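All values derive from a computational prediction rather than experimental measurement. First listed ligand is number 1; within each ligand, the first listed atom is number 1.
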Amino acid sequence: MSILVTGGTGYIGSHTCVQLLSAGFDIVLLDNFSNSKPEVIDRIKEIAGRDFTFYQADLLNKKEIVSIFEKNKIDAVIHFAGLKAVGESVSIPINYYHNNITGTLNLCSVMEQFGVYNLVFSSSATVYGTQDQVPLHEDLPLSATNPYGRTKLMIENILNDLYVSNTNWSIALLRYFNPVGAHSSGRLGEDPNGIPNNLVPYITQVAIGKLPELKVYGNNYPTKDGTGVRDYIHVEDLSEGHIKALEKVTITSGINAYNLGTGIGYSVLDMINTFSKASGREIPYKITNRRPGDIGESFADPSKAEKELNWKAKKDLYEMCIDSWRWQVNNPNGYESKVTVV
Ligand code: NAD
Ligand code: UFG
């Protein structure tokens with residue numbers, strides 16, 4: 001079976017490609033490198049020990065997508081490609097709406113044109129907006145608090161409408177919680193541009209001495225230690241969720257949302273302490289004001305994915321920290337590093 005992976009050289013896409021190849025799928029990757037590097041292609045091949053076809057292509061260019069479908073027999077699509085930085089989406093909303101929504105519309109219309117109806121989509125726990133209760137389960141009312149989140153919510157709605165229009169569609173909406181960690185080989189990981197926004201990439205750069213200290217955004221949330229609580233999930237567990245979702249969409253039709261999280265919430269201080277143990281480094285930090293738009297606590301009820309996809313996250317917080325640290329040490333400048341694997 002041949003799978004088109006959009007955004008395949010990105011953080012989650014690259015890990016998923018390794019697992020797809022290892023599971024015996026043929027893959028065709030497309031990416032425009034707006035947030036990833038060509039080096040990733042060779043690393044995926046090196047880890048998986050298999051070859052695949054890559055296209056540098058943009059989902060905003062429909063002709064390029066058509067050409068990929070003309071040249072390759074595609075059975076299903078895993079759609080990762082999108083812009084994902086919450087803060088940036090507030091500054092440049094048009095880019096976010098255009099890239100994420102128009103890109104998805106182009107992809108889906110070409111899929112229809114070629115009679116390909118199996119789709120796994122990267123949604124986000126951000127579609128739960130602000131809720132009074134945790135854990136978050138799939139049937140809660142959805143909302144969004146920023147343009148990025150609204151693109152995910154709009155795309156979920158568009159995909160629901162597609163299924164209503166044609167019940168051949170078979171779609172999994174995967175709502176990721178907080179993906180962290182890296183491939184256990186130390187060869188694939190998250191490579192943010194500039195100063196990271198997210199907690200774990202920031203901590204790894206503090207630990208290695210590239211950044212002086214972590215700012216902890218608030219210690220007055222109604223959580224166990226006052227700092228923000230999130231459901232961190234190892235990127236390899238998350239990737240495995242895509243294989244399970246793919247198996248499901250290719251044998252059924254319908255549209256279903258699934259939470260991909262561990263079901264366990266950890267605070268910022270838990271993460272600092274665990275990362276310190278895993279790396280053997282002190283993580284200097286100071287408590288600052290809350291970050292605008294942040295919520296206090298978010299963690300998944302992952303039981304639907306366990307029941308319907310037969311998927312469950314296995315890796316704990318310590319493994320997430322060990323693997324993030326290995327990636328940072330082996331690739332101090334991300335994919336541009338001259339690498340010495342240790
Ligand atoms: P990423 O930025 O590492 O990967 C996305 C890839 O898509 C990049 O390689 C980028 O170059 C590519 N891309 C973007 N727009 C494109 C376009 N128009 N045409 C072709 N390629 C394009 O991000 P990631 O962390 O791997 O996230 C993958 C998906 O998961 C995204 O849709 C993101 O919104 C979603 N998601 C991520 C997180 C997270 O915390 N990482 C959480 C929830 C959801
Ligand atoms: N945090 C800090 N200091 C930092 C960075 C983060 O204290 O320098 C705290 C945040 O306040 C939050 C926790 O660490 O309590 C996690 O923050 P992240 O930025 O790593 O993750 P978020 O939960 O804020 O956001 C992530 C993704 C979004 C997605 C959202 C909901 O980055 O794309 O989860 O799924 F929308």
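- Distances below 4.0 Å separate heavy atoms of Gly10 from the following atoms of ligand 1: 3 (O), 4 (O), 9 (O), 26 (O).
- Under the ring-ring contact (aromatic ring centres under 6.0 Å, His included) criterion, no residue pair touches residues 129-164, with sequence neighbours excluded.
- Salt-bridge annotation for Glu213 and Lys286: present, with a side-chain N of the basic residue lying under 4.0 Å from a carboxylate O of the acidic one.
- Nearest protein neighbour of atom 30 (O) of ligand 1, counting heavy atoms only, is Tyr176 CE1, 3.2 Å.
- For Gly103, the closest heavy-atom approach to ligand 1 does not fall below 4.0 Å.
- The closest approach between any non-hydrogen atom of Ala125 and ligand 1 is not below 4.0 Å.
- For the residue pair Tyr55 and Asn72, a side-chain donor N or O sits within less than 3.5 Å of a side-chain acceptor on the partner.
- Heavy atoms of Asn99 found under 4.0 angstrom from ligand 1 belong exclusively to the side chain.
- Judged purely by distance below 3.5 Å, without hydrogens or angles, the side chains of Lys63 and Ser67 never pair a donor atom with an acceptor atom.
- Sorted by first and then second residue, the pairs that involve residues 20-42 and meet ring-ring contact (aromatic ring centres under 6.0 Å, His included), not counting sequence neighbours, are Phe33-Phe54.
- Between the side chains of Ser239 and Thr16, a donor-acceptor pair is found at a separation under 3.5 Å.
- Regarding atom 8 (C) of ligand 1, its nearest protein heavy-atom neighbour is Asp31 OD2, 3.5 Å.
- Note: Tyr202 OH to Ile283 CD1 = 12.0 Å, rounded to the nearest 0.5 Å.
- The contact set between ligand 1 and Phe33, taken as ligand atoms under 4.0 Å from a residue heavy atom, comprises 11 (O).
- Proximity of Lys152 to ligand 1 is established by a heavy-atom distance of less than 4.0 Å.
- Polar contact with ligand 1: present for Ile12 (N/O pair, distance under 3.5 Å).
- By the criterion of a heavy-atom distance under 4.0 Å, neither the backbone nor the side chain of Glu190 is placed next to ligand 1.
- Close approach to Ser34 involves these atoms of ligand 1, each under 4.0 Å from a residue heavy atom: 10 (C), 11 (O), 13 (N), 14 (C), 15 (N).
- Look at Lys84 and Glu190 and you find a salt bridge, because one of the NZ, NE, NH1 or NH2 atoms lies within 4.0 Å of a carboxylate O, short of that distance.
- Side-chain contact check for Tyr335 and Arg43: no donor-acceptor pair (N or O, by modelled atom type) lies under 3.5 Å.
- If you check the side chains of Asp75 and Asn118, you find no donor sitting under 3.5 Å from an acceptor.
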Under a 3.5 Å threshold, I'd like every N/O contact between ligand 2 and protein atoms, with atom names and distance.
residue	atom	partner	partner atom	Å
ligand 2	3 (N)	Lys215	O	2.7
ligand 2	7 (O)	Lys215	O	3.4
ligand 2	7 (O)	Tyr217	N	2.9
ligand 2	11 (O)	Asp294	OD2	2.5
ligand 2	17 (O)	Arg291	NH2	3.4
ligand 2	19 (O)	Asn198	ND2	3.0
ligand 2	19 (O)	Arg291	NH1	3.4
ligand 2	19 (O)	Arg291	NH2	2.8
ligand 2	20 (O)	Asn198	ND2	3.4
ligand 2	20 (O)	Leu199	N	2.8
ligand 2	21 (O)	Asn178	ND2	3.1
ligand 2	23 (O)	Asn178	ND2	3.0
ligand 2	23 (O)	Arg230	NE	2.6
ligand 2	24 (O)	Arg291	NH2	2.9
ligand 2	32 (O)	Asn198	ND2	2.8
ligand 2	35 (O)	Ser124	OG	3.2
ligand 2	35 (O)	Thr126	N	3.4

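- What sits closest to atom 40 (O) of ligand 1 on the protein, heavy atoms only, is Pro179 CD, 3.3 Å.
- Proximity to Ser122 (heavy-atom distance under 4.0 Å) selects the following atoms of ligand 1: 29 (C), 30 (O), 32 (O), 35 (C).
- Contact between Ser123 and ligand 1 is present, with at least one heavy atom of the residue lying under 4.0 Å from the ligand.
- Crowding of Tyr97 atom OH: a count of heavy atoms from other residues, nucleotides or ligands under 6.0 Å exceeding 12.
- The distance from ligand 1 to the heavy atoms of Ser36 drops below 4.0 Å at these ligand atoms: 8 (C), 9 (O), 11 (O).
- In this view, Tyr176 and His242 satisfy the ring pair (Phe, Tyr, Trp, His ring centres under 6.0 Å) rule, not counting sequence neighbours.
- Applying the 4.0 Å criterion to heavy atoms of Ala57 picks out, from ligand 1, the atoms 19 (N), 20 (C).
- Checked by atom type, the side-chain pair Arg290/Asn220 shows a donor-acceptor distance below 3.5 Å.
- Residue contacts with ligand 1, taken as heavy atom pairs separated by less than 4.0 Å, involve Tyr148 solely via side-chain atoms from C-beta onward.
- Taking each heavy atom of Asn219 and Ile287 in turn, the nearest pair found is CG-CG2, 3.5 Å.
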